[in-house]
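Throughout, a chain's letter reflects where its sequence line sits, starting with A, and its residues are numbered from 1.
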Amino acid sequence: MEKIVSLCKRKGFIFQSAEIYGGLNGCWDYGPLGAELKRNLKEYWWRKNVQEREDIVGLDGSILTHQEVLKASGHVGGFSDPMCDCLLSKARLRADQIEPQSGTVHWYSGASHEESGWSVEKNFAVLLQEGQDENKAKKTARQYYAQFLTDKQISPKKIELTADRTEEVTDSTDFNPENGSLLTEPRSFNLMFKTQMGASADENDPKATAYLRPETAQTIFVQFKNVLDSNRIKLPFGIAQIGKSFRNEINPRNFTFRSREFEQMEIEFFCSGEDGLRLTDEWLEERLKFYEEIGIPRDKLHILDVPDGERAHYSKKTYDIEYEFPFGIQELEGVAYRTDHDLKAHQDGHDDAKGSGKSMEYFDAEAKEKFIPHVVEPSAGCDRTVLALICEAYDEETITNDKGKEETRVVLRFAPRMAPTKVAILPLVKNKPELVAKAREVQSMLTPFMNVFYDETAAIGRRYRRQDEVGTPYCVTIDFETLGEEEGKEDLKDTVTLRERDSMKQERIAIADLRNFLLEKIH
RNA sequence: GCGGGUAUAGCUUAGUGGUAAAGCUCCAGCCUUCCAAGCUGGCUACGUGGGUUCGAUUCCCACUACCCGCUCCA
């Protein structure tokens, strides 16, 4: 993984955000090649899912989100569970799920070790249930204070405790039921980014509160009616969206995999309740096919059929599509059958939100019935897929050069349709003006159709390797045959050497055929 | 959030209580007729902030970021 992170920086795929200021936790910037790669992914997704389908339309919603939207969706309130940490075992517990306990609390104010002169002043407490020996409290407290010992050779048993007081409590949730250890104060984790609307808004004015959306999906649900009314479209149909979302991840990790700002590619495919389960399976297949097309083979993907109890309560079926990243098998996309939960919530609300009160019903003219549509949601992580593309493409090859010396060739084997640069145009040498001029000519011929890179510096072999390292699938070399000046090879006039990245094979191709050849490969 | 590790040039590393070395890359020039050739020259670094010290990149503390293992992930 470190090699990949290093290559990404070295070649301009991905940089740490605000690196010159020390970096911004969990944020990343795409450099020139990363930006091309990501565009290629998004454009291909959009083309396949929106432009080439009659039953899906696009949407590009605002990132700033009305607080009522996220109350109705359950993101405000419902998912900001207060958590406590056990001071002893460091286990994290949900405050609302701690079983209340009664008993005697033994408070301590610190501990010391006479021989070494070590001491610590920190409050700690242990809850003893009726019938438990006081020695248990002491043992637990010694274990707690032992973690502050500077000399790990000292046995916890030798620690002197400073007893403070005892206290009787009933139905307390301040202690870990597992070991009686004191817990930290409950802290709430609201994973959404909150902001104030209006330049002069008071920070404390609750009406000014807005959120950066934590998922693109809610925009789609909220605009469901408008899309339906403006597009002469019939169920089943989908609304697709690509866009940024934001979550205050507790622990961003694994390069760009878990970022606080990330891009999603989502479809909400609306249907009747009878079709939900079948469409979920169909979408799973559809999505697997997509990954194959962008160069992520089926055998590197794992399908997790999320079991009962682990799915969201409203979901009747959820598949996670996972990829074998170098740091583990991790989710790329979720395909979830969310029933009519979302539209219903935005229509009627629920216990903690009033909803919009606007009808989300669909009228089926044939069956002459009104109902709230169900929805199947294939939701893909764009940045995660980019990372998967890079991980999958990365390869090191040991090759023996002309001098019999072994060397390593680093090559990114991107599918041509994903590759940031499609073709490099290289004059064989740069000190022959005719070659350079011809190369420039070929470059301008191809530029309107694809991302072309021109390079005339250094030896030809080095230039090939540079292109390998950034995954350019084809190199075109303009040589003396191209000019028709080679004796006995006049028929090679206006042909070039086409060198393929993976095999390093070279073939002759007419300049006139170049465009169509390449377009077919990268489409 | 916890524990462990790391932080020196674009990259990979060396090194020192008296401001630092190398390889590769990159740039310029010369040369070069198909897989990282050669020659010459050049740019660029001790993560941030404190402390100790005459002096800190080096020792100490804090912070930040990244990596690994837990934890978490609507």
Side-chain angles (χ1 to χ4, degrees), chain A residues 1-3 5-12 15-28 31 70 73-81 83-94 147 184 187 189-192 214-215 217-218 245 247-255 257-258 260 310-315 326-328 330-331 334 336 397 399-403 405 407-411 426-432 435 456-469 475-483 485-486 496-499 501 503-506 508:
Chain A
M1 197 62 209
E2 271 162 54
K3 279 185 178 173
V5 176
S6 171
L7 179 78
C8 281
K9 182 181 178 186
R10 189 154 39 89
K11 291 295 172 186
F15 306 123
Q16 165 85 60
S17 184
E19 191 186 64
I20 61 169
Y21 287 104
L24 184 61
N25 183 255
C27 295
W28 302 90
L70 296 164
S73 70
H75 288 87
V76 177
F79 303 108
S80 54
D81 305 316
M83 307 287 272
C84 300
D85 292 329
C86 172
L87 287 170
L88 185 64
S89 67
K90 308 300 175 196
R92 175 164 291 165
L93 308 166
R94 271 179 62 171
Q147 63 187 318
T184 58
R187 277 168 305 175
F189 288 83
N190 197 325
L191 300 187
M192 282 200 293
E215 59 178 28
Q218 295 307 324
S245 295
R247 292 180 196 177
N248 242 327
E249 296 289 352
I250 297 168
N251 190 1
R253 266 298 168 82
N254 291 327
F255 200 26
F257 183 82
R258 178 162 294 127
R260 291 200 162 127
E310 287 179 33
R311 292 191 305 270
H313 65 88
Y314 46 76
S315 174
F327 46 81
Q330 296 279 351
E331 182 182 349
E397 208 178 58
I399 56 173
T400 310
N401 67 12
D402 293 347
K403 301 172 191 92
K405 213 177 85 186
E407 55 185 23
T408 305
R409 183 173 82 116
V410 173
V411 47
L426 317 168
L428 188 57
V429 294
K430 75 169 171 185
N431 60 355
K432 294 282 183 291
L435 286 180
E456 61 180 26
T457 64
I460 190 72
R462 175 184 290 274
R463 280 179 276 164
Y464 285 153
R465 296 300 176 81
R466 280 180 189 155
Q467 294 307 314
D468 290 341
E469 223 176 356
C475 289
V476 165
T477 302
I478 283 71
D479 50 30
F480 292 91
E481 281 88 358
T482 310
L483 302 176
E485 290 172 356
E486 289 290 281
V496 292
T497 301
L498 182 76
R499 184 258 191 188
R501 177 194 64 203
S503 62
M504 299 192 284
K505 292 244 169 66
Q506 305 186 145
R508 260 347 264 181

Hey, which of these two, A/Thr477 or A/Glu19, hits RNA chain B nearer its 5' end, going by closest nucleotide? A/Glu19
Same-atom distance (P) from B/C31 to B/C68, integer angstrom: 49 Å
Is B/C70 paired to anything, Watson-Crick or G-U wobble with both distances less than 3.5 Å, and if yes, which nucleotide? B/G1
What is the base-pairing partner of B/G42, counting Watson-Crick and G-U wobble geometry with both distances under 3.5 Å? B/C26
Just how far, in rounded Å, is P of B/U71 from CD of A/Gln330? 13 Å
So do the side chains of A/Val476 and A/Ile478 get within less than 4.5 Å of each other, counting heavy atoms only? yes
How far does the P atom of B/G15 sit from the matching atom of B/G47, given to the nearest Å? 16 Å
With a non-hydrogen cut-off below 4.0 angstrom, is A/Arg247 in contact with a base, only sugar-phosphate, or nothing? base
Decide yes or no for A/Leu498 and A/Gln506: does some side-chain heavy atom of the first lie under 4.5 Å from some side-chain heavy atom of the second? no
Using Watson-Crick or G-U wobble geometry with both distances under 3.5 Å, which nucleotide pairs with B/U53? none
Rounded to the nearest Å, what distance is computed from the OH atom of residue A/Tyr314 to the P atom of nucleotide B/A74? 9 Å
Between A/Val496 and A/Thr477, which heavy-atom pair has the shortest distance, and what is it? CB-O, 3.5 Å
Step by step, would you call A/Arg508 with A/Thr497 a side chain to side chain donor-acceptor pair (under 3.5 Å)? CA-CA 5 Å; A/Arg508 260 347 264 181; A/Thr497 301; 3.1 Å; yes
Please give the distance between the P atoms of B/U57 and B/G18 as a whole number of Å. 11 Å
Return the value, rounded to whole Å, for the distance between atom NZ of A/Lys9 and atom C1' of B/C11. 9 Å
When you compare B/G23 with B/G17, how far apart are their C1' atoms, in angstrom units rounded to a whole number? 28 Å
Side-chain N or O of A/Ser73 versus OP1/OP2 of B/A74: is the shortest distance under 4.0 Å? no
With sequence neighbours excluded, residues passing side-chain contact (heavy atoms from CB on, under 4.5 Å) with A/Ala458: A/Arg462, A/Arg466
Could you point out which residue of A/Arg501, A/Arg463, A/Arg499 forms a salt bridge (Lys or Arg N to Asp or Glu O under 4.0 Å) with A/Asp468? A/Arg499
Which protein N or O atoms sit under 3.5 Å from an N or O of nucleotides 25-33 of chain B?
{"unit_1": "B/U25", "atom_1": "OP1", "unit_2": "A/Arg462", "atom_2": "NH1", "d": "2.8"}
{"unit_1": "B/U25", "atom_1": "OP1", "unit_2": "A/Arg462", "atom_2": "NH2", "d": "2.8"}
{"unit_1": "B/C26", "atom_1": "OP1", "unit_2": "A/Arg466", "atom_2": "NE", "d": "2.6"}
{"unit_1": "B/C26", "atom_1": "OP1", "unit_2": "A/Arg466", "atom_2": "NH2", "d": "3.0"}
{"unit_1": "B/C26", "atom_1": "OP2", "unit_2": "A/Arg462", "atom_2": "NH1", "d": "3.2"}
{"unit_1": "B/U32", "atom_1": "OP2", "unit_2": "A/Asn431", "atom_2": "ND2", "d": "3.2"}
{"unit_1": "B/U32", "atom_1": "O4", "unit_2": "A/Lys430", "atom_2": "N", "d": "3.3"}

All N/O pairs under 3.5 Å across the protein-nucleotides 46-49 of chain B interface:
none

Distance in Å, A/Leu426 CG paired with A/Tyr464 OH, rounded so as to fall on 0.5 Å steps: 6.5 Å
Sugar-phosphate only, base, or nothing, as touched by A/Thr497 at under 4.0 Å among non-hydrogen atoms: base
Can you measure A/Glu331 atom CD to B/C73 atom C1' for me and round it to whole angstrom units? 10 Å
Is it true that A/Lys430 and A/Glu456 make a salt bridge, defined as a side-chain N closer than 4.0 Å to a carboxylate O? no
Using a 4.0 Å heavy-atom cut-off across all strands, classify A/Glu397 as base, sugar-phosphate, or nothing. nothing
Quick one: are A/Glu407 and A/Arg465 in side-chain contact, heavy atoms under 4.5 Å? yes
For the side chain of A/Arg258, counting heavy atoms from C-beta on, which of B/A74, B/C35, B/C72 is nearest? B/C72
Expressed as a whole number of Å, how far does the P atom of B/C63 sit from that of B/G55? 26 Å
Complementary nucleotide of B/G47, counting Watson-Crick and G-U pairs under 3.5 Å: B/C63
Residues that A/Gln16 engages under side-chain contact (heavy atoms from CB on, under 4.5 Å), provided they are two or more places apart: A/Glu19, A/Trp28
Rounded C1' spacing from B/G4 to B/U8 in Å: 23 Å
Could you give the CG-to-P distance, from A/Leu7 to B/A36, as a whole number of Å? 19 Å
Atom pair CG/CZ of A/Leu191 and A/Arg247 - distance to nearest 0.5 Å: 8.5 Å
Does any nucleotide pair with B/C31 by Watson-Crick or G-U wobble geometry, both distances under 3.5 Å, and what is it? none
Give every pair of a protein N or O atom and an N or O atom of nucleotides 66-68 of chain B that lie under 3.5 Å apart, one pair per line with the distance.
{"unit_1": "B/C66", "atom_1": "OP1", "unit_2": "A/Gly26", "atom_2": "N", "d": "3.1"}
{"unit_1": "B/C66", "atom_1": "OP2", "unit_2": "A/Asn25", "atom_2": "ND2", "d": "2.6"}
{"unit_1": "B/C67", "atom_1": "OP1", "unit_2": "A/Phe255", "atom_2": "N", "d": "2.6"}
{"unit_1": "B/C67", "atom_1": "O2'", "unit_2": "A/Glu2", "atom_2": "OE2", "d": "3.4"}
{"unit_1": "B/C68", "atom_1": "OP2", "unit_2": "A/Asn254", "atom_2": "OD1", "d": "3.2"}
{"unit_1": "B/C68", "atom_1": "N4", "unit_2": "A/Arg253", "atom_2": "NH2", "d": "2.6"}

Starting at atom CZ of A/Phe257, determine the distance to atom P of B/C72, rounded to an integer number of angstrom. 16 Å
Let me know the distance between CZ of A/Phe15 and P of B/C11, rounded to the nearest Å. 10 Å
Could you list the residues that satisfy side-chain contact (heavy atoms from CB on, under 4.5 Å) with A/Arg253, not counting sequence neighbours? A/Asn251
Taking only the P atom of each, what is the distance from B/A20 to B/A37 in whole angstrom? 32 Å
Atom pair CZ/CZ of A/Arg258 and A/Phe327 - distance to nearest 0.5 Å: 9.0 Å
Between B/C46 and B/U19, how far is it from one C1' atom to the other, in whole Å? 9 Å
Rounded off to whole Å, could you give me the CZ-to-C1' distance for the A/Arg311 and B/C73 pair? 18 Å
With both distances under 3.5 Å as the test, what is the Watson-Crick or G-U wobble partner of B/U19? none
Taking the side chain as every heavy atom from C-beta outward, state whether A/Met192 and A/Leu70 have any pair of such atoms under 4.5 Å apart. yes
